[in-house]
Structure formats: C-alpha cells, structure tokens
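Worksheet: the structure to be examined is printed underneath.
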Amino acid sequence: MRRAETLGGRQHITFLGGYSLSSRTRRNLAALTSAASLAAGLLGAVAPGAQAASVPVPGQIGLYGGSTGIATINADGTGLRSVPNIPNYNYTPNWAPDGSRLVAGWSQLVTGRVTGSTAPITLPWATGMRSSASYEDPTFWLDGRYVVFSTGGQLAYGPSDGSWAPEPLLTDAQEPSTVCDLHPTASPAGTLAFERRNNYGCYDSLGIWTFNPATKALKKIIASGSAPVFSADGSKLAFTRVVDDWTQLFTAEADGTNVQQVTTGESDHLAPSWDPAGGRIAYEAHSSHAGWSSDVQTVRILDLGSGTSVQLTGAGKGSKPAWQPLRKNTLARIYGTGSVGIDGAASRWTFDKSGGTHEAGLITARSAVLVNKGNATYSAPAIALAAEKQGPVLMTSGSSLDSAAATELKRSLPRGSSVYLNGGTRILNSRVASQVQALGYKPVRLDGGDLSGLSVRVAKQITPAPSWIFVADGKEYHDPIAAASAAGSLGYRGKGVVLLTNGQSVSASVRNYLNSLNPNATNLVTVGYNAGKAIENLTLNNIWNFWKIGGRTHEDVAVSLARFWWTSPTWATVQDTWSWQNAVAGAGVSAAYGPMLWSARGTLSAPTAYYLSQRSASISVVQTFGGSTSYPPANRTGIGSAIAASSAWTSTVWAPGGVSPTAAATARSSRASTLPAADSDRPTAALAVVPGQHLPSPDAHSAR
C-alpha cells in the first residue's frame, strides 16, 4: 500500500496492488448477489446445476494410497494409477458432483484434476476453529461450490476455489466442545449428514445427524452409526455400525428410516462409497479387525441386489474408496438467426414475452437499453445499466430505430416501460427517441458530452451512492465490457457502476463524480493497465484506496477480474474477443450470474481454459453468444473439457434466435436456480445462501 502524498493541499489517491486483500468480503458480495437473483429462494440459490437432477454414471474410484498419495482405479480392477497433481500424504479423497475434480487433505486441503492438466488449488488454512488439527473427510457441497470437512471434531466449510479461508459451519451452541462431528456427506439438495460422538476422545457414538442449510436446523436421524455417505441422487444413506464386535455396512433412506444391514461376517467393513448409479457400494475390507497385525486390507465392491462382493484391489493397494460420479454439464449456444440478431437472441434467451404465458427459466423485462450498433466503446456502460434495470441491451442504427430492435421491444417489454438511450443525439439521434415513444414507451436519454461523461451519467442513473466502482479505459471495448459485467453482477440493487477513462487520463466529469462520493463508503477497482495508471496519477480531494486488476492480454485481465470478484461461480460466459456486439448483448443478460471471460476464436484461450478448469468443481454451465464463426468446434471442445471430466461430459444446448425447441426446458430449468423470479419484485441479497454468521450485510462491506 502506498502512502498518500499531499501536494498543494490536495492528496493523491493511494492504491492496493494486486487482488489479495479483502478477497473474502468482496467476493462473497458478488457471489451472494448473483445468488440473490435466484428464483427458488434459499435452496433454489444452492440448487444443483444443469444436469444434476439426472443420475450420474459411475466412473473411476479414488483411493488413498498411503505414502504414494491419491490413486484411481477402474471399477473392474484395472488401471491403477497415481493422481499426478495432488501431493503425497493427502487422504480421504472425494469427487466433485460432476466428477471433474478430487479433493483430499490432511494438514491442508487440496483440490485437483486427476489428469494433472492444471495446477491444484490448495485451500487456505481454516480460521476461527477451536483447535489446530488435521483436515479429514472433505466433501464437496452445494453442487461443488463449497467443501465441508472435519477438523478437531468441528465441521468447517469454505469455497472450493480457495477464495476465502474455511470457517466453522456450526455455531458453538450447535456444536459444543463436548462433541465431535466427523465424516460429513452432502446430498444434491444441500442436506449434510455427519457422525456425532462424545465423551473422552470422542469415542461414544451419538448417531448420525443432518444439517439443513436453509433452516440451519440439526436433526438426529439414526441412533447409532458412523461414516455416513449419501447416494448420488440423495435418496439413501450408507453407513457403518458395530455388530457383535465387527463393523458392518448398513443402508437407510435419506431421512434415517428403513435401516438395513447389508454385510455380515467376522471382518471389518469401513469407508463405504456408493456407486453413482445406486446399486453397489465400494468399501475398505479388513480380514480381521482394522489395525491388527494380522489384518489384510483390500478394497471390495458389494452388489446390493445379490448381496455378493468382489475384490477390487490387491492387499494393501489403497483404502478409503470414493466412487467418481460422471455428470453432464452444459454449454449453452445462443446466436442470432434470420431476422433475429444476437441482441434479440440474448433477450429471448432471458426475457418472457410481454403479456404471454410465463416460460420456465425466463424473467420479466422491466426496461430496455438501446445502443448504437456501430459504436463499441459507447456500449459498455449499457451492460451495468441493463443489469440494474432488468432489461436487454438492444442495438440499432444511430439515425433511426431498426425494425429488429422495435420487434424485440414489443415482444419483451410492457408498454409504458422506460427505454434508455445510451448516448447523446450524436450517438442515437432524436428520431430514435421519437420512434421509441411512438411504440408506447418512455425514452430516457443518457448523455454526458463524451464517453467518460456518459459513464458518469449512467452511473448516476443506476445509483447516487454506489458501493463498488469499476474503472476501465474507454478507448477500446474489452476491459470496459469486462468491468461493466462485474459491475452488473450487483444488478437489481444499485450497488455497482462502471466509469471510463481516456487512456491514462481522467476527465473532469469522472474526477468531479469521484469527489462527490465518500471514499470510506465506496470501493474502487481499476480494470486494465491504462485505467490503473489513470487513477494512480489522479489528484482528488480525499484519500482513496483501490484495487488494480491487470494482465498482459485482455483474456488475462478478464480472468484476473473473475478471480478477484467471484467465489466458486456456477455459471460463466465466454465471449469472442473479435465481436463486441456478441459480448455486449450477452453480458447485458448474463452479468448477474457469473464471470465474463474472453477467448480467441480458433481455440479456447489459455487463461480462460485454465480458469474454467480450476473452477470446474462449481461451474456447470457456460454460455456463449454468437454463431459458429465466433466459437468453432475446437473452441467449444475446449470449454467442454475445461468444465467437466472431459468434453464428452458436456452437452450442447443450441438456441438459434435465443430459442431451443428441443432443449429449452432443460436449459431454462437449469437457469431457474440462477435467474430472478419471473413476476417478483427485484430480489435482495440472499445472505443466508450458506451458513455462516460471518456474512456482513451488503451495506457493511468495506475494503479491509
């Protein structure tokens, strides 16, 4: 942090380099604001992704291999191999819900892809725990967004991308120091089950309990049992219980009813893991009591239908099995066709027909923003405005309202609604405003004399007191669109705006606007090198702090901004670097729901591929806006490979003109957990999306 220098009675702005500070606070705000836009309330906010409702296909089985680290093996016993990028001595592996990543831990948790294609993520040390202890039994939670684990008998949770440090899951009243909670497991709906013990050394079983993330209620469901694990569809539990001095496997319904013993015999059966298809259980088998010198340890698979088991590994070859679920993720392709351009397609992909029957996954447009289809730089502020005002960004000629824009206005927007004209009469002339009015809408012109002035005018239209300001260089469109997308993620709440500089200089309108705000109540982020230099050299009335987001390329900058701003996103949008119209139309309707990333056309750009791959545990849907020229097969394959176990596990939803006759229901039902309710008032932040009293109110967020 630089010290402020006083020059001529005025003080230079100070800055915080990089993006290491206040990561948890600011990124929680963005993530929870997007989650606040979810249609189905709290559990809707944490509902699984596009294909999570289908039963996953069983894949490999992860094993703890002792000093050799984590290994995987095929379910037929072939192909035993080490996982290259999860360090040795990490154990108790577990899979993300789509099978794209493993998590394992001991002294610290690590998540990684089994292919070694990207570097692993080492999660930060947990904070606020009662004691320092090993990290055990990690499980992905809430469709891969979080990881829950046990340490020192406490349950902790944190984001799977490591963006802030894990914290206690339960309050001290819910989890007193006299109990130990172990072996957490998560259902697709978000319910957690775990084993509770008490007394000295936490040896005495208190049974199996559940935790509801919506109500934060604890419930004891099974009187005695250990090592619970949900089936992939969440309908059943497997667990262990000691019977006649031997540990046996049991199954039950998810609510703890219909308990059935499924193994017998004088040996210990430990660490069960369901076949994702539901008919088998892999477990750690011991020929005698575990830990005895005469014990021979193997991994076996029990067929629940026949009651027979087969040996999977040789003696001593692995333990603590975890069966990989393979689930289809989604690549949504939205593009124009016929008379419907990309802006109309993006609008139809998102907004209901005005006065028509509500369609699942769509929302009601409450306004629209018009931009000049030939002016890239003037279009960026429209993204944040559209996200705030809940409407599409539509494109037209500067001299008259295009018929396609008029058609989409009439389709999506109720008469009497506001239509914002982004720019003065030089950008959209008075005839455009007259034509908008003739259609029955209220034209609202936003002008500022120049591009910087326009950004200030739009910012004031969004809110008189923003919580977050993103600054980018207005002389080109890539960084401004990325910045406006981040600002738009705070949509419907008037908290985020974008300001534009003139290269490395700041106009009087932007300077005066910043001087009118309270720097202690406003967070400032610069996006791109030029914007950082412009703000760094700016003289203002008060001392400000700000974050600088940079990178060598536009793709780097967008990825750095995504890392800075988003916590374990479930959605992302990839935009073609060459087509600003695609990017503006797409960002206008997707900004509130996940990061916007750039890519070159031929293949998926390396920074974007790396980011998607590292966050594949949580990202289950990627959108692209534009046709096959912008996203050829190699690019699409790269996206599929990055977010899923492989490209074969990503399904493509084609939406020509924004409408997909065969897959619209699937795609839009997946978005129902991400989009605002169709006929509700503007949503507010769902700060209880995950447990944790640490979450401050949006108004309390500050750079710290």
Side-chain angles (χ1 to χ4, degrees), residues 58-126 132-140 144 147-152 156 158 160-162 166 182-185 227 229 270-273 276 282-286 290-291 295-301 311-326 610 613-617 645-646:
Q60 326 172 65
I61 296 175
L63 303 169
Y64 168 55
S67 61
T68 60
I70 302 299
T72 60
I73 192 170
N74 299 329
D76 62 2
T78 63
L80 182 65
R81 51 205 170 269
S82 296
V83 175
N85 62 347
I86 295 182
N88 292 351
Y89 301 106
N90 281 276
Y91 75 109
T92 57
N94 223 324
W95 296 90
D98 64 355
S100 63
R101 293 184 78 85
L102 271 171
V103 61
W106 172 247
S107 61
Q108 204 166 3
L109 293 182
V110 175
T111 78
R113 296 185 73 100
V114 296
T115 59
S117 56
T118 57
I121 296 175
T122 299
L123 303 187
W125 299 106
S132 176
S134 59
Y135 294 179
E136 303 178 57
D137 307 312
T139 185
F140 285 98
V147 173
V148 180
F149 57 96
S150 177
T151 177
S160 59
D161 66 356
L182 309 168
H183 301 109
T185 180
V229 59
L270 305 175
S273 177
Y283 64 96
E284 186 180 313
H286 295 260
D295 178 34
V296 177
Q297 174 192 305
T298 60
V299 174
R300 300 183 68 87
I301 295 177
Q311 185 169 311
L312 181 66
T313 66
K317 298 292 186 181
S319 61
K320 304 184 184 301
W323 214 318
Q324 179 190 31
L326 291 171
Y610 196 87
S613 182
Q614 281 212 314
R615 281 143 186 86
S616 62
S646 70

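Scored by the side chain to side chain donor-acceptor pair (under 3.5 Å) test, Q297 finds no partners at all (sequence neighbours excluded). For P325, the side chain to side chain contact (heavy atoms under 4.5 Å, CB included) partners are P56, W95, P276, not counting sequence neighbours. F149 meets the ring-ring contact (aromatic ring centres under 6.0 Å, His included) test with Y135; sequence neighbours excluded. Applying the side chain to side chain contact (heavy atoms under 4.5 Å, CB included) criterion to P321, with sequence neighbours excluded, gives I61, L63, A271, A282, E284, V299. Residues meeting the side chain to side chain contact (heavy atoms under 4.5 Å, CB included) test with S134, sequence neighbours left out: W106, E136. With sequence neighbours excluded, the residues forming a side chain to side chain contact (heavy atoms under 4.5 Å, CB included) with T139 are N94, V148, P184, A186, listed by chain and number.
Once rounded to the nearest 0.5 Å, the distance linking CG of L102 with CD of Q324 reads 7.5 Å. Put simply, CG on L270 and OG on S319 are 9.5 Å apart, with the number rounded to the nearest 0.5 Å. Rounded to the nearest 0.5 Å, atoms CG (D161) and CG (L123) are 8.5 Å apart. Rounded to the nearest 0.5 angstrom, Q60 CD and I73 CD1 are separated by 10.0 Å. To the nearest 0.5 Å, atoms CD (Q614) and OG (S100) are separated by 12.0 Å. How far OG1 of T92 is from NZ of K320: 7.0 Å, rounded to the nearest 0.5 Å.
Pairing each heavy atom of P97 with each of A617, the nearest pair is CD-O, 4.4 Å. Here the shortest heavy-atom pairing between P58 and L326 reads O-CD1, 4.2 Å. Of all heavy-atom pairs spanning P272 and V229, the tightest one is O-CG1, 3.5 Å. The heavy-atom pair separating A645 from R113 by the smallest distance is O-NH2, 3.8 Å. Nearest heavy-atom pair, G152 versus A133, reported as atom, atom and distance to 0.1 Å: N-CB, 3.4 Å. Taking each heavy atom of A290 and D295 in turn, the nearest pair found is CA-OD2, 3.8 Å.
Remark: the backbone N or O of S613 is paired with a side-chain donor or acceptor of S616 at under 3.5 angstrom. A donor-acceptor pair is defined here as one N or O able to donate and one able to accept, closer than 3.5 Å; such a pair exists between the side chain of S273 and the backbone of W323. A donor-acceptor pair under 3.5 Å is formed between the side chain of D76 and the backbone N or O of T78.
With no hydrogens or angles considered, a side-chain donor-acceptor pair links R101 and T111 at under 3.5 Å.
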For this session: Could you check T151 against W125 for side-chain contact (heavy atoms from CB on, under 4.5 Å), going step by step and ending with a plain yes or no?
Result: CA-CA 11 Å; T151 177; W125 299 106; over 6 Å; no
